[in-house]
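By convention here, the first residue in the shown sequence is residue 1.
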Amino acid sequence: MIVPAEPPQGLFDRIDLVSHLRHVEALGEPDDGRLVACADWLAGCRARKLGHAVLMIESLIESWPEELGDPRDQHRSASDWVYVDGIDVTRFRSVSLGKTFLRTTSLYRLHLRRMRVALDRMCRRYRPRMITLVDLRSRHGLFRAETKRRLVEHVCHNHGIAFDDRLDEVGPDDPLIAEQPVGVAAPLIERSARRYFRQVYERFVETLFSARTWIGERRSFVYFQLNWAALAPILDAKLPGRCAPLLIAGSLPKGLGRLARAWVRGFNLVALPSAKLDTGDQAALARIREDLERAWCAPDDFDGECLRAFVRDVILDSGWLRLRALEAKRYQALFERHSIRHLVVGDATNPLCRLLLDLARAHNIPGDELLNGMFLSPHRHEARVGTMGELPVLGRLLSRGALDERWLAKTGASCPFVRTGYPAIRSRRPGSLRFDGRGRALVLPFYADSDDSRACGHQIIDLLVETLHVLAERHLKAIRIKLHIGPPNEPYYRRVAEEVGVDAEVVKDNSLAKHIAWADFIVGPINSGAWLEAMAAGKPYFPFCPTPSLIEPTLLPEGTTVLRQAEQLRAHLDSGICPDIGRPLEDIVSAYSIGDPAQAVWRAVEAI
């Protein structure tokens with residue numbers, strides 16, 4: 001059974017806000033005067049089965065609320081809190097510490113505002129006399145107890161509704177929440193013995209390679225902060241001129257053979273320098289807080305006050321600001337200690353990549369971006385387009401193909417680009433594919449990443465469930481659900497399959513290539529790099545783009561298969577016609593026009 005997309009009709013005396021199966025089990029018998037408003041798909045599905053009137057809260061914002069502004073600007077405008085009188089007061093040793101937290105703060109602000117609008121629309125539509133807060137979980141687990149209470153109390157006050165606080169939060173390690181908190185939203189982990197031994201290993205390797213740099217040919221180095229799939233071919237390529245890679249020793253897969261090859265080829269493997277925050281650093285961090293608190297003496301609107309509270313709790317008071325400052329100091333020492341002439345990062349919005357780009361600019365080092373994954377949402381991110389009069393930190397895009405260039409223009413970025421292809425995808429022309437719509441199906445759950453400000457979580461799982469039903473009807477050999485190695489909770493997705501009666505294996509590991517090789521065809525999100533890997537492996541991949549979404553499939557080459565509904569998948573499977581591989585691969589990663597993308601990356605780097 002699937003929770004209906006259409007909200008229930010009529011009026012209700014009371015609305016209960018719930019976010020977990022245990023909350024539903026505690027509701028008791030269904031009541032005609034009570035509406036159960038769910039912020040979780042499983043909770044909504046179970047409540048519906050038990051006979052309750054169910055509202056999926058996000059269903060009320062499927063049409064984008066105009067009062068939230070342009071959905072493309074949600075990240076860019078969310079950095080305003082770091083500025084006081086037009087000056088970024090979070091700068092520490094040439095790094096904007098505040099902007100390294102931009103992903104988290106912008107997601108918090110986005111989901112807070114979306115939820116506020118949804119609750120407001122809920123009150124206007126159902127006109128309850130009371131709202132009971134049992135839990136109001138946000139996507140990514142960003143809402144803390146204070147936010148939940150303030151938000152519901154604020155909406156109740158605006159509508160003259162009684163607020164019943166029965167908050168029963170679920171812990172972040174509960175297996176039956178859809179996503180585990182990650183990054184800054186997760187608890188801060190202290191130094192472990194494993195990290196200590198890694199540092200010892202890095203220092204040992206650095207000692208070996210420092211001798212290599214003195215006795216060998218003098219080189220300038222390029223620092224790469226890329227995923228391994230893209231980096232490995234670059235390291236295997238012929239090195240141009242007097243450039244060579246500089247890598248943190250611990251980031252390279254271990255093995256004497258690999259170390260020996262890196263030595264012979266002139267790489268520089270180094271340790272990330274250790275550092276401590278001295279009294280001057282501590283004073284600088286104290287000034288950051290003082291400047292922010294002084295500016296925050298002036299009252300703000302509800303959203304602004306909630307964001308301030310979130311920054312205090314999650315960044316200033318938690319230890320994350322201090323940790324990020326220590327990270328900035330360590331990487332600054334890295335840049336000052338070694339002859340780095342160029343920087344290449346995989347995502348300018350990633351916290352570490354953002355920090356490195358700041359340092360590179362301070363040292364007059366060119367900073368390039370070689371995208372990993374699929375980028376189809378035209379978000380105007382400050383790292384690429386700038387904000388508050390500041391120039392973007394990104395210097396150039398290493399375009400994988402024509403799609404990246406269309407996407408760059410859509411984001412409003414003015415930085416130049418040079419086309420290099422994508423080293424992670426080897427050039428090959430796929431032959432004719434054998435496909436009968438049967439065999440083994442690999443399903444990659446659709447997801448809403450941080451760039452999809454319009455996506456609704458319940459509809460994404462609805463689409464997954466409908467897809468599983470379409471596949472189950474075909475009596476395939478096997479159905480396997482492969483979760484991303486990040487936040488998705490494996491037990492949660494197992495329970496989803498059980499709730500809808502589909503026999504599917506659920507796995508979560510870091511071996512996507514193994515699962516692609518196992519499958520006869522793949523169904524997955526249009527905004528996943530798995531699409532590229534599947535096409536390069538010559539496997540049929542049916543890309544889905546859920547609605548609503550900020551993703552723009554119009555950026556893809558004309559004729560590309562893009563599915564919106566599970567019924568479209570059924571029609572494609574019945575037809576036995578494979579999605580086109582040739583045009584998308586060429587358009588996205590220049591798979592045929594650029595024969596050696598790794599060498600093209602080195603040429604682009606050497607040209608500056």
Checklist entry - Could you walk me through whether Leu371 and Asp347 pass the side chain to side chain contact (heavy atoms under 4.5 Å, CB included) check? => result CA-CA 6 Å; Leu371 299 171; Asp347 183 354; 5.6 Å; no

[atom1]/[X] to [atom2]/[Y] distance, rounded to the nearest 0.5 angstrom?
{"X": "Leu394", "Y": "Leu357", "atom1": "CG", "atom2": "CG", "value": "6.0 Å"}
{"X": "Asp80", "Y": "Thr387", "atom1": "CG", "atom2": "OG1", "value": "5.5 Å"}
{"X": "Leu316", "Y": "Arg289", "atom1": "CG", "atom2": "CZ", "value": "5.0 Å"}
{"X": "Asp452", "Y": "Ile460", "atom1": "CG", "atom2": "CD1", "value": "7.0 Å"}
{"X": "Ile461", "Y": "Thr467", "atom1": "CD1", "atom2": "OG1", "value": "12.5 Å"}
{"X": "Leu307", "Y": "Arg312", "atom1": "CG", "atom2": "CZ", "value": "10.0 Å"}

With a 3.5 Å distance limit and no angle check, can you tell me whether [X] reaches the backbone of [Y] through a side-chain donor-acceptor pair?
{"X": "His52", "Y": "Arg48", "answer": "no"}
{"X": "Thr90", "Y": "Gly98", "answer": "yes"}
{"X": "Lys508", "Y": "Gly486", "answer": "yes"}
{"X": "His140", "Y": "Leu142", "answer": "no"}
{"X": "His379", "Y": "Arg72", "answer": "yes"}
{"X": "Glu382", "Y": "Leu391", "answer": "no"}
{"X": "Glu179", "Y": "Pro487", "answer": "no"}
{"X": "Tyr126", "Y": "Arg14", "answer": "no"}
{"X": "Ser19", "Y": "Arg137", "answer": "yes"}
{"X": "Ser549", "Y": "Ala455", "answer": "no"}

In this structure, are over 12 heavy atoms from other groups packed under 6.0 Å from [X] atom [atom1]?
{"X": "Asp301", "atom1": "CG", "answer": "yes"}
{"X": "His484", "atom1": "NE2", "answer": "no"}
{"X": "Glu66", "atom1": "CD", "answer": "no"}
{"X": "Arg121", "atom1": "CZ", "answer": "yes"}
{"X": "Gln9", "atom1": "CD", "answer": "no"}

Measuring only between side-chain heavy atoms, which start at C-beta, is [X] closer than 4.5 Å to [Y]?
{"X": "Ile522", "Y": "Trp531", "value": "no"}
{"X": "Asp168", "Y": "Asp135", "value": "no"}
{"X": "His159", "Y": "Asp120", "value": "yes"}
{"X": "Leu321", "Y": "Phe101", "value": "yes"}
{"X": "Leu444", "Y": "His515", "value": "no"}
{"X": "Thr132", "Y": "Phe163", "value": "no"}
{"X": "Pro351", "Y": "Lys99", "value": "no"}
{"X": "Leu556", "Y": "Thr554", "value": "no"}

Heavy atoms only: give me the nearest [X]-[Y] pair and the separation to one decimal.
{"X": "Ile131", "Y": "Ile161", "answer": "N-CG2, 3.8 Å"}
{"X": "Ile177", "Y": "Gly171", "answer": "CD1-O, 4.0 Å"}
{"X": "Asp40", "Y": "Ala178", "answer": "OD1-N, 4.5 Å"}
{"X": "Met56", "Y": "Gly44", "answer": "SD-CA, 4.0 Å"}
{"X": "Gly51", "Y": "Pro30", "answer": "O-CB, 3.6 Å"}
{"X": "Pro445", "Y": "Pro525", "answer": "O-CG, 3.8 Å"}

Output yes when [X] and [Y] qualify as a salt bridge under the 4.0 Å nitrogen-oxygen rule, no when they do not.
{"X": "Arg494", "Y": "Glu505", "value": "no"}
{"X": "Glu567", "Y": "Arg570", "value": "yes"}
{"X": "Arg113", "Y": "Glu67", "value": "no"}
{"X": "Arg34", "Y": "Asp16", "value": "yes"}
{"X": "Lys482", "Y": "Glu490", "value": "no"}
{"X": "Glu305", "Y": "Arg308", "value": "yes"}
{"X": "Asp358", "Y": "Arg91", "value": "yes"}
{"X": "Arg139", "Y": "Glu58", "value": "yes"}

Next on the checklist: Ring of Phe544, cation from Arg564 - is the NZ or CZ under 6.0 Å from the centre and inside 45° of the axis?
Outcome noted: no

Next on the checklist: Going by the rule ring pair (Phe, Tyr, Trp, His ring centres under 6.0 Å), which residues pair with Tyr492 if we only count those two or more places apart in sequence or in a different chain?
Outcome noted: none

Item to check | Donor-acceptor side-chain pairing of His111 and Ser138 below 3.5 angstrom | outcome: no

Checklist entry - Yes or no on side-chain hydrogen bond (donor to acceptor under 3.5 Å, both in side chains) for Gln459 and Glu62, after CA distance, side-chain angles and deciding distance? => result CA-CA 9 Å; Gln459 285 202 335; Glu62 288 173 12; 2.9 Å; yes

Next on the checklist: Evaluate Asp503 against Ile479 for side chain to side chain contact (heavy atoms under 4.5 Å, CB included), listing each step before the verdict.
Outcome noted: CA-CA 7 Å; Asp503 182 17; Ile479 301 173; over 6 Å; no

Checklist entry - Is there a side chain to side chain contact (heavy atoms under 4.5 Å, CB included) between Tyr108 and Thr147 once you walk through the steps? => result CA-CA 10 Å; Tyr108 172 82; Thr147 296; 2.9 Å; yes

Item to check | Stepwise side-chain hydrogen bond (donor to acceptor under 3.5 Å, both in side chains) test for Ser77 and Arg109 | outcome: CA-CA 10 Å; Ser77 58; Arg109 176 175 174 267; 3.3 Å; yes

Checklist entry - Parallel, tilted or perpendicular: which describes the rings of Trp407 and Phe375, with under 30° parallel and over 60° perpendicular? => result perpendicular

Next on the checklist: Assess the residue pair His154 and Asn158 against the criterion (side-chain hydrogen bond (donor to acceptor under 3.5 Å, both in side chains)); give the C-alpha distance rounded to whole Å, side-chain angles, the decisive distance to 0.1 Å, and a yes or no.
Outcome noted: CA-CA 6 Å; His154 172 77; Asn158 287 347; 3.2 Å; yes

Next on the checklist: Which residue in the set Arg287, Lys329, Arg322, Arg324 passes salt bridge (Lys or Arg N to Asp or Glu O under 4.0 Å) when paired with Asp281?
Outcome noted: Lys329

Checklist entry - Hey, mind stepping through Arg354 and Thr349 against side-chain hydrogen bond (donor to acceptor under 3.5 Å, both in side chains) and telling me if it holds? => result CA-CA 6 Å; Arg354 181 64 174 73; Thr349 73; over 6 Å; no

